[in-house]
Amino acid sequence: MHRTPTRRSPLPDSRTAAGRRRLVAGCVAVAAVLGLSACGTASGALQPTATATAPGASTPGATTPGATTPGAAAQQPTGTAAATIAPTPGSDAAGPGRAAPPAGAEPRTPTAAATPGHAPATGTPVGTTPAGTPAAPPAQPGQATKVIGSTASGGRTVALTFDDGPGPATGQILDLLAQYHVKATFCEIGQNAAANPALVKRVLAEGHRLCDHSVHHPQPFEKLPHDKAVYEISAARDMIVKAGGPGTRVSWFRAPGGGFTADNEHIAAGLGMDSLGWSVDPRDWSRPGVAAIVSTVQSQLRPGGVILMHDGGGDRSQTVAALKQLLPWLVAQGYTFDFPAA
């Protein structure tokens, strides 16, 4: 006899629904453990969860502009002598590929007048939020194009600039400048400014102006990744402003070694600073001898020039001795003293 196959009755709807619910719940639980976002796709595969990053959110390893990394902040010395961080030898020499402007560069006229060394009483600095936090500009690859190498007024003027301080020689240089009624620009290393706030305040009190020269003077500066350049420029500016006190203005940024790029120039501009180069480089950092420093300045200087010298980063006795000869010579040559273009 043939037996008719027995057909099984379908499961009741309630049992089917319950089974589906259990399956979905189990799938969700597995997905949660594995970090997956969906079950039962068209291919039957579990898909990884894609995490979206909100605009402006920090990514791992990124440096927040103006933040201080461990070990970056210099401790306030207990003594009265100026402390200084010595930069890498060969600090500001304009080597191959460096963007220091040529002698005789056309002067740039200032767009607004300001009290020397101090910011306007009202308003928010360019490139900052209302709370004063520097805005992080996007990376800008390419070569720098707007590096200043001339005085604000042009003509038979000269701008004296001093790098790598404040240091032990800063006070002596300030004394000489006061003797000849000369105003100069001091391009300060952030750590040195933080360690010597009294000298920063004296620079401002005597009518000189300030320039950002990075936190640590890393070289080659033009090779720094964007986030590192943002930190070196913005944190140094913050250290100098803090050392100088309320209202302190930092008008320029000078890249260590003249390592300007479109990127670090853009970062500085976002903080309200122009990029400052030079037209005369006596290489006083290398201590070539007082006579060599003096003769190089005398041979390279043209009207409207910017002279690069150093008040920090090592023994600057030759610089001080050369300045004692150069200041009366400049006056005798009919030069008047100016600040760099801005």
Side-chain angles (χ1 to χ4, degrees), residues 63-69 72-74 84-85 87 92 112 114-120 123-140 144 146-148 161-166 170 185-197 199-201 203-204 208-218 221-222 224-261 263-277 311-312 339-340 342:
T63 304
T64 303
T68 303
T69 56
T84 184
I85 304 298
D92 291 312
T115 302
H118 290 274
T124 301
V126 177
T128 63
T129 65
T133 303
Q140 299 285 324
K146 300 178 182 178
V147 180
I148 294 168
T161 66
F162 297 93
D163 283 15
D164 297 347
T170 304
T185 301
F186 289 81
C187 299
E188 299 185 336
I189 291 177
Q191 289 191 104
N192 289 345
N196 300 287
L199 280 173
V200 180
K201 289 179 173 66
V203 166
L204 293 173
H208 307 289
R209 295 189 185 178
L210 296 173
C211 169
D212 178 331
H213 200 38
S214 81
V215 177
H216 302 104
H217 205 287
F221 198 85
E222 65 271 27
L224 292 185
H226 176 71
D227 287 347
K228 180 66 173 175
V230 168
Y231 169 73
E232 285 289 335
I233 298 170
S234 62
R237 174 183 171 275
D238 291 346
M239 291 175 180
I240 295 168
V241 169
K242 183 177 180 181
T248 296
R249 179 175 180 175
V250 183
S251 301
W252 299 274
F253 162 69
R254 174 174 278 167
F260 291 102
T261 64
D263 187 37
N264 59 50
E265 181 183 332
H266 185 66
I267 294 166
L271 294 166
M273 298 183 292
D274 289 306
S275 294
L276 176 58
D311 66 320
F339 293 109

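As the structure is a prediction and not an experimental result, all values here were calculated from the model.
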Sequence neighbours excluded, the answer for side-chain hydrogen bond (donor to acceptor under 3.5 Å, both in side chains) partners of Thr170 is Asp311
Inset, instruction - For residues Ile267 and His226, determine if any side-chain heavy atom of one lies less than 4.5 Å from a side-chain heavy atom of the other. - result: yes
Closest non-hydrogen atoms of Phe221 and Phe253, given as atom of the first, atom of the second and distance, are CE2-CZ, 3.7 Å
Shortest non-hydrogen pair, Gly165 vs Asn192, comes out as O-CB, 3.5 Å
Rounded to the nearest 0.5 angstrom, the CD1-CG distance for Ile148 and Asp274 is 4.0 Å
- Please test Val215 against Gln191 for side chain to side chain contact (heavy atoms under 4.5 Å, CB included), starting from the C-alpha separation and ending with a verdict. CA-CA 6 Å; Val215 177; Gln191 289 191 104; 3.9 Å; yes
Next on the checklist: Does any part of the side chain of Arg209, heavy atoms only, come nearer than 4.5 Å to the side chain of Trp252, both counted from C-beta?
Outcome noted: yes
Notebook entry, point to check: For atom NZ of Lys242, is the number of surrounding heavy atoms from other residues, nucleotides or ligands below 6.0 Å larger than 12?
Noted result: no
Rounded to the nearest 0.5 angstrom, the SG-CZ distance for Cys187 and Arg254 is 4.0 Å
_Please check this pair: side chain of Asn264 against backbone of Gly259, looking for a donor-acceptor N/O pair closer than 3.5 Å._
yes
- Query: Should the pair Phe186 and Phe162 be assigned to parallel (<30°), tilted (30 to 60°) or perpendicular (>60°) ring geometry?
  - Reply: parallel
Answer whether the closest heavy-atom distance between the side chains of His213 and Asp164 falls below 4.5 Å.
yes
For this session: Report yes if some heavy atom in the side chain of Ile189 is under 4.5 Å from a heavy atom in the side chain of His216; otherwise report no.
Result: no
When you compare the side chain of Pro166 with that of Val203, does any pair of heavy atoms fall below 4.5 Å?
no
Heavy-atom nearest pair, Pro340 first then Thr185, reads CD-OG1, 3.3 Å
Applying side-chain hydrogen bond (donor to acceptor under 3.5 Å, both in side chains) to Ser214 and not counting sequence neighbours gives none
Are Lys146 and Ser275 side-chain neighbours, meaning at least one heavy-atom pair lies under 4.5 Å?
no
The salt bridge (charged side-chain N to carboxylate O under 4.0 Å, His left out) partners of Glu232 (sequence neighbours excluded) come to Lys228
Interatomic distance, CG@Asp212 vs CG@Leu276, rounded to 0.5 Å, equals 11.0 Å
| message | Is any side-chain heavy atom of Ile233 closer than 4.5 Å to one of Met273? | response | yes
Between the CZ atom in Arg237 and the CZ atom in Arg249, the distance rounded to the nearest 0.5 Å is 10.5 Å
